[in-house]
A.B. asks: 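Here's a structure for you.
The chains referred to below are lettered A, B, ... by the order of the sequence lines, with proteins before strands, and numbering in each begins at 1. Remember, predicted model here, so these are calculated numbers, not experimental data.
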Number of protein chains: 2
Amino acid sequence: MPETTPHPSRRAHERQSGPLEITAPHRDLLDQVLDNWSLQVLETLCERPSRFNDLSRAIPAVTNKSLTATLRRLERNGIVERLVLDSRPVAVEYRITELGKTMRDPVDALLLWSATHLPAIEAARAAYEDE
Amino acid sequence: MPETTPHPSRRAHERQSGPLEITAPHRDLLDQVLDNWSLQVLETLCERPSRFNDLSRAIPAVTNKSLTATLRRLERNGIVERLVLDSRPVAVEYRITELGKTMRDPVDALLLWSATHLPAIEAARAAYEDE
DNA sequence: CTGTATCCCACGCGATACTG
DNA sequence: CAGTATCGCGTGGGATACAG
């Protein structure tokens, strides 16, 4: 062990607080994968593979442009896969990948947190407006 | 016509796939709390209470304007609290609240996911560019 | 059906300057 | 020290039309 370091300050509080360190690549990744449309697409594809228009209908507020961009981005990151079915008029199916499935737990943890604490947060908002 | 049955199937696959349902208030909340600057502020305040300029220095890339906006937003949501210390030239200390601390676990889960799967995702990106 | 192509605008955010 | 005020630009994303 190369360490009997005389400057333990840095290490010290990192240990105390555990992980939580945000570097650029991680921030990039989260930005590409946690946005509004991405989560809704993930939600839908976790339930069943879907075609483009299925997704469009499942997420009424999304436009073609945004849906396309979202799917491309998720595909590029290996979160969803795009399958061109050779049927008569072109059909394309999107499905979540194994890699994509690994997002579910952390995302669900987040949603669970949100569900659990939303009341407290709305109370905080109300209190804030009052003062 | 093998259409997706709207009513009864909904329940069914929800149970299969578990939670993960994104409603507007939750999406709003996550947007206000998971953005770039917010996470960095949280990261810093989880380690120690800090003054405005401490945060500014700890997060070199942030501007006064964005830092102020971020802090106000987090304060409004009860995630951080703002304490005006009555010292000579005004001093203000920000610290994370108990409610704020409840974010750590889900956020860490996310960062852990990111750290774990970033290699696979970068591989997916490389593969995507190739085709 | 599955997208692409434009136009366009709101607004997030940086840069800069200024104040109590 | 702890912000506020103002300006300006880049871009994400909606609306719409069109193409393979």
A.B. asks: Can you tell me how far the CZ atom of A/Arg27 sits from the OG atom of B/Ser114, to the nearest 0.5 Å?
C.D. replies: 9.5 Å

A.B. asks: In whole angstroms, how far is the P atom of C/dC1 from the CG atom of A/Leu67?
C.D. replies: 13 Å

A.B. asks: With nearest nucleotide decided by heavy atoms, which residue, B/Thr63 or A/Arg51, maps closer to the 5′ end of DNA chain C?
C.D. replies: A/Arg51

A.B. asks: Can you tell me the distance, in whole Å, between the CG atom of A/Asn64 and the C1' atom of D/dA17?
C.D. replies: 11 Å

A.B. asks: Salt bridge check: are A/Glu93 and A/Arg82 linked by an N-O gap of less than 4.0 Å?
C.D. replies: no

A.B. asks: In this structure, how many angstroms lie between the C1' atom of D/dG12 and the CG atom of B/Asn36, rounded?
C.D. replies: 16 Å

A.B. asks: Nearest to the side chain of B/Val92, heavy atoms from C-beta on, is which of C/dG3, D/dC1, D/dG3?
C.D. replies: D/dG3

A.B. asks: Provide, to the nearest angstrom, the distance between the CG atom belonging to A/Leu71 and the C1' atom belonging to D/dG13.
C.D. replies: 15 Å

A.B. asks: What's the CZ-C1' distance between A/Arg82 and C/dG3, to the nearest Å?
C.D. replies: 8 Å

A.B. asks: So, B/Thr70 side chain and B/Ser38 main chain: donor-acceptor pair closer than 3.5 Å or not?
C.D. replies: no

A.B. asks: Which nucleotide sits closest to the side chain of B/Asn53: C/dC1, D/dC1, C/dG3?
C.D. replies: D/dC1

A.B. asks: Begin from the C-alpha positions of A/Ser56 and A/Asn53 and carry the test side-chain hydrogen bond (donor to acceptor under 3.5 Å, both in side chains) through to its verdict.
C.D. replies: CA-CA 5 Å; A/Ser56 199; A/Asn53 276 356; 4.8 Å; no

A.B. asks: Write down the distance between CG (A/Leu55) and P (C/dG3), rounded to a whole number of angstrom.
C.D. replies: 10 Å

A.B. asks: Below 4.0 angstrom from OP1 or OP2 of C/dT4, is there any side-chain N or O of A/Arg72?
C.D. replies: yes

A.B. asks: Is A/Arg57 near enough to C/dT2 that one of its side-chain N or O atoms lies under 4.0 angstrom from OP1 or OP2?
C.D. replies: no

A.B. asks: In this structure, how many angstroms lie between the P atom of D/dC1 and the CG atom of B/Asp86, rounded?
C.D. replies: 18 Å

A.B. asks: Let me spell it out: for each of A/Val90 and A/Trp37, pick the nucleotide of DNA chain D with the closest heavy atom. Which residue's pick is nearer the 5' end?
C.D. replies: A/Trp37

A.B. asks: Consider the side chain of A/Lys65, meaning its heavy atoms from C-beta on, and name the nucleotide among D/dT4, C/dC7, C/dG3 that approaches it most closely.
C.D. replies: C/dC7

A.B. asks: Could you check how far CG of B/Leu83 sits from P of D/dA2, rounded to whole Å?
C.D. replies: 12 Å

A.B. asks: Just to confirm, is there a sub-4.0 Å distance from OP1 or OP2 of C/dG3 to any side-chain nitrogen or oxygen of A/Tyr94?
C.D. replies: yes

A.B. asks: Using a 4.0 Å heavy-atom cut-off, does B/Ser66 contact any base of the nucleic acid, only the sugar-phosphate backbone, or nothing at all?
C.D. replies: sugar-phosphate

A.B. asks: Under the 3.5 angstrom rule, does the side chain of B/Thr23 hit a backbone N or O of B/Glu21 as a donor-acceptor pair?
C.D. replies: no

